[in-house]
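Numbered from 1 within each chain, the chains take letters A, B, ... in sequence-line order.
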Amino acid sequence: MLDIKRIRENGEEVNELLKRKGDYDISKLMELDENRRKLISEVEEKKAEQNRVSKLIPVYKKEKKDVSEILAEMKTLSEEIKKSDDVLKSLEAEIKQILLELPNTPNPDVKIGKDDSDNDEIKKWGEPRQFDFEVKAHWDIGTDLGILDFERAAKITGARFSMFTGIGAKLERAIINFMLSVHTDEGKYTEVSTPFMVNRDSMTGTGQLPKFEDDAFKVIEDRDLFLIPTAEVPVTNLHRDEILDGSELPIYYTAYSPCFRKEAGSAGRDTRGLIRNHQFDKVEIVKFSHPDTSYDEHEKLTADAEKILQLLKLPYRVVELCTGDMTFSSAKTYDIEVWMPSYGRYVEISSCSNFEDYQARRANIRFRDKDTGKVNFVHTLNGSGLAVGRTFAAILENYQNADGSVNIPESLVHFMGGLEVIK
RNA sequence: GGAGAAGUACCCAAGUGGCUGAAGGGUCUGCACUCGAAAUGCAGUAGGUCGGCUAAACCGGCGCGAGGGUUCAAAUCCCUCCUUCUCCGCCA
């Protein structure tokens, strides 16, 4: 959520920044805000009067004075207050609604662009391997090895679901354990295991609601709960409505979770394999940072995600997203893309964002500054560290052999109980 | 699922309609006493948020789990919801 004061004072600037993300307009908002403040002054004056007189009434009563006239006046005043309060409330609801549907402003330094074709590659790591045989796609490799079973997943549930069997299931678990253990090494990130269903407030806190309700699986029946689209939601909301001790910042969390997404609007894209499913596993890394250091933290967080790929020796590149390709809540985003031989290109495997105070305002996550004693919003950041299904796919494809077998990356062998090849 | 009980500030806790921004403890901080500490005494320890163009000061509104309602006036009465606890049932 954007700061209404910032909009009030720097409307032009905010408007211009929002235009970089899409077609947004704040003129209506500014008008409503103006009306709101006018009304507040009026109502509060009346309330002050009411409070003043209310203190006198018991005194007069004790003095046996006749208060019936005052009571009648107060009744009128009370009715006026109630009426104005109702108007104020609906005005504030309207303002809130608009604010919730406005995206974050991009960091002014982020490149202005329309879509992913305008993104800049800022880093490349590793060399895509040259194959002297025809590469297979991961869904063929996995199916042939008997470690992936898409047909049965479709039978059990439906399209865009996957199933890992035997060594495949073990490899998935090994990937998760490997990632968590790297992130929690030396207590760097604190591991949390959260609920996988969250309430409406949590989904609103991180920015999925109200605008993107169609993308989320809702748990129907009598409960207003949603299956999490990412662990970002429960983990960021961990500190919702809290005032953190400034000396504890930055706070680092990592969490494994399954993720559930409707993938509305992506019909026909990535229909095969592990790339785009309704349910996938992910290890997420989340930070709560002091505003002054959030951009340093962003670089470090991205590096932490990259480290996983480096340890797995998977070639990747880092892309800085342009304003038009960034998500709703983000101020700046790096995507990490892993080399996927069957695609012949890099495929997103992690998205690392600095949300500045946008989510913190929505979720009301604050800290007390140890120097000034003042309360202020934290900055929140998160990134995939990494998407497990896509990592699984990347391993199969990059580590495949001519005979259809797959080598286990060195750093995973330990987590596979010493297994070096899947065949 | 059934039956009860409770939610007041950092913690414990008093408070059934009006000078209650909320008794009393504890905690912590400062000061005094002390060579120092303990003990003791004194003082402070709601914060947050919204508005008054901005900031400090100041003024005002809101605030006793959340949201409604009754009333001139609500922590206090009524309703709905949430959470926690106890007992029963069920269950990994």
Consider the side chain of A/Glu44, meaning its heavy atoms from C-beta on, and name the nucleotide among B/C19, B/G18, B/C50 that approaches it most closely.
-> B/C50
Proximal nucleotide (of B/C72, B/C19, B/G48) relative to the A/Ser78 side chain = B/C72
Give one of base, sugar-phosphate or nothing for A/Lys82, where a contact means two heavy atoms less than 4.0 Å apart.
-> sugar-phosphate
Spacing of the C1' atoms in B/G26 and B/U45 (rounded, Å) | 12 Å
Both distances under 3.5 Å, Watson-Crick or G-U wobble: report the partner of B/A37, or none.
-> none
Does A/Ser351 offer a backbone N or O that forms a donor-acceptor pair with the side chain of A/Ser384 under 3.5 Å?
-> yes
Taking the side chain of A/Lys89 as heavy atoms from C-beta outward, which of B/G68, B/G18, B/C19 is closest to it?
-> B/G68
Base, sugar-phosphate, or nothing for A/Ile40, non-hydrogen atoms under 4.0 angstrom?
-> sugar-phosphate
Does B/U45 have a Watson-Crick or wobble mate here (both distances under 3.5 Å), and if so which one?
-> none
Donor-acceptor pair, A/Ser90 side chain versus A/Val87 backbone, under 3.5 Å?
-> yes
If you look at every strand shown and take non-hydrogen atoms under 4.0 Å, does A/Arg368 touch a base, only sugar-phosphate, or nothing?
-> sugar-phosphate
Choosing from B/C62, B/G48, B/G51, which nucleotide comes nearest the side chain of A/Val375?
-> B/G48
Watson-Crick or G-U wobble mate for B/A3, both contacts under 3.5 Å | B/U86
Pairing partner (Watson-Crick or G-U wobble, both distances under 3.5 angstrom) of B/G51 | B/C59
The single option from A/Lys300, A/Glu356, A/Lys332 that satisfies side chain to side chain donor-acceptor pair (under 3.5 Å) with A/Tyr295 is A/Glu356
Using purine N1 to pyrimidine N3 plus N6-O4 or O6-N4 for Watson-Crick, or N1-O2 and O6-N3 for G-U wobble, each under 3.5 Å, what pairs with B/G15?
-> B/U8
With no hydrogens and no angle check, is any side-chain donor or acceptor of A/Asp3 less than 3.5 Å from a backbone partner on A/Lys5?
-> yes
Given B/G52, B/G61, B/G18, which nucleotide is nearest the side-chain atoms of A/Ala48?
-> B/G61
So which nucleotide does B/C64 pair with, by the Watson-Crick or G-U wobble rule with both distances under 3.5 Å?
-> none
According to a strict under-4.0 Å criterion, is A/Asn51 in side-chain N/O contact with OP1 or OP2 of B/A73?
-> no
For the side chain of A/Lys61, starting at C-beta, report the closest nucleotide among B/C72, B/G61, B/U70.
-> B/C72
Which whole number of Å gives the distance between the P atom of B/A75 and that of B/C62?
-> 10 Å
Donor-acceptor contact below 3.5 Å, side chain A/Ser353 vs main chain A/Phe355 | no
Sugar-phosphate only, base, or nothing, as touched by A/Ser41 at under 4.0 Å among non-hydrogen atoms = sugar-phosphate
Interatomic distance at P, B/G24 relative to B/G15, whole Å | 14 Å
Considering only atom P, compute the distance from B/C91 to B/U80 and round it to an integer number of Å.
-> 32 Å
Is B/A73 paired to anything, Watson-Crick or G-U wobble with both distances less than 3.5 Å, and if yes, which nucleotide?
-> none
Look at the side chain of A/Lys47 and decide which nucleotide, out of B/C72, B/G48, B/G61, has an atom nearest to it.
-> B/G61
Scan A/Val59 against the nucleic acid and name what it touches under 4.0 Å (heavy atoms): base, sugar-phosphate only, or nothing.
-> base
pair A/Pro229-A/Asp215: side-chain heavy atoms closer than 4.5 Å | no
